[in-house]
Amino acid sequence: EARTGIRRLYLATGSLAFLGLYLVFGYGASLVCNLIGFAYPAYVSIKAIESSNKDDDTTWLTYWVVYGVFSIAEFFSDIFLYWFPFYYAGKCLFLVWCMAPVSWNGSQLLYHNVIRPCFLKHHRAVDSVLGDLSTKVLDAASAITREASGAAVKLAQDEKSK
């Protein structure tokens, strides 16, 4: 403010207006939106890990769970949604709402009202499927390792007999 002679309010309003217009009309709006949804939360998540307070860890873990669910949903719907002119502006507003430092932010509301009830309803079935899948993968890897080592031993014996 002292260097430019322009009041902070005008600078902030102008910057937000520029960002909003860029998100609507600019090239690379997806990148800017993803940076907003990732860079600041990643930074404060690292600070939360390094602090002795565990409440901030829970806050940012909740954000990342919601961000992950949103990213998966967006992957399947992005082909339709990105055609809408205000998609990236809306996405940025959604992500900012999810990381807002208030108790009623998007992460808390979505986690407690949508994700957590779904998780509590289905986690035992998912754990069972993952356990079965893990066993099958380990068995397959073990069988492949046995076959490969047997083939290598046979090949070495064939080379020695020549």
Side chain to side chain donor-acceptor pair (under 3.5 Å) pairs touching residues 110-138, sequence neighbours excluded, are Q108-H112
What class does the angle between the rings of F70 and F94 fall in, given that below 30° is parallel, 30 to 60° is tilted and above 60° is perpendicular?
tilted
Closest non-hydrogen atoms of S107 and C98, given as atom of the first, atom of the second and distance, are OG-O, 2.7 Å
Here the gap from D57 atom CG to T62 atom OG1, rounded to the nearest 0.5 Å, amounts to 10.5 Å
d(D56 CG, W60 CH2) to nearest 0.5 Å is 10.0 Å
Between F38 and V44, is there shared hydrophobic-cluster membership here, with clusters defined by ILVMFWY side-chain heavy atoms closer than 4.5 Å? yes
Interatomic distance, NZ@K54 vs CG@L61, rounded to 0.5 Å, equals 10.0 Å
Checklist entry - Can you get from L109 to L93 by hopping between Ile, Leu, Val, Met, Phe, Trp and Tyr side chains that sit under 4.5 Å apart? => result no
Rounding to 0.5 Å, atoms OG (S45) and OH (Y63) come to a distance of 8.5 Å
Rounding to 0.5 Å, atoms OG (S149) and NZ (K154) come to a distance of 14.0 Å
Starting from V129, can I reach V126 by hopping between I/L/V/M/F/W/Y residues whose side chains sit under 4.5 Å apart? no
Residues passing the side-chain contact (heavy atoms from CB on, under 4.5 Å) test with V102, sequence neighbours excluded, are A100, W104, N105
**Item:** Side chain proximity check, K91 to N34, heavy atoms < 4.5 angstrom
**Value:** yes
Exercise for the section: Walk me through it: do L95 and Y40 pass the test side-chain contact (heavy atoms from CB on, under 4.5 Å)? Expected result: CA-CA 11 Å; L95 292 173; Y40 174 74; over 6 Å; no
Do M99 and Y43 belong to the same hydrophobic cluster, where Ile, Leu, Val, Met, Phe, Trp and Tyr are linked whenever their side-chain heavy atoms lie under 4.5 Å apart, directly or via other members? yes
- Item | Residue pair S71 / Y67, side-chain heavy-atom distance below 4.5 Å | yes
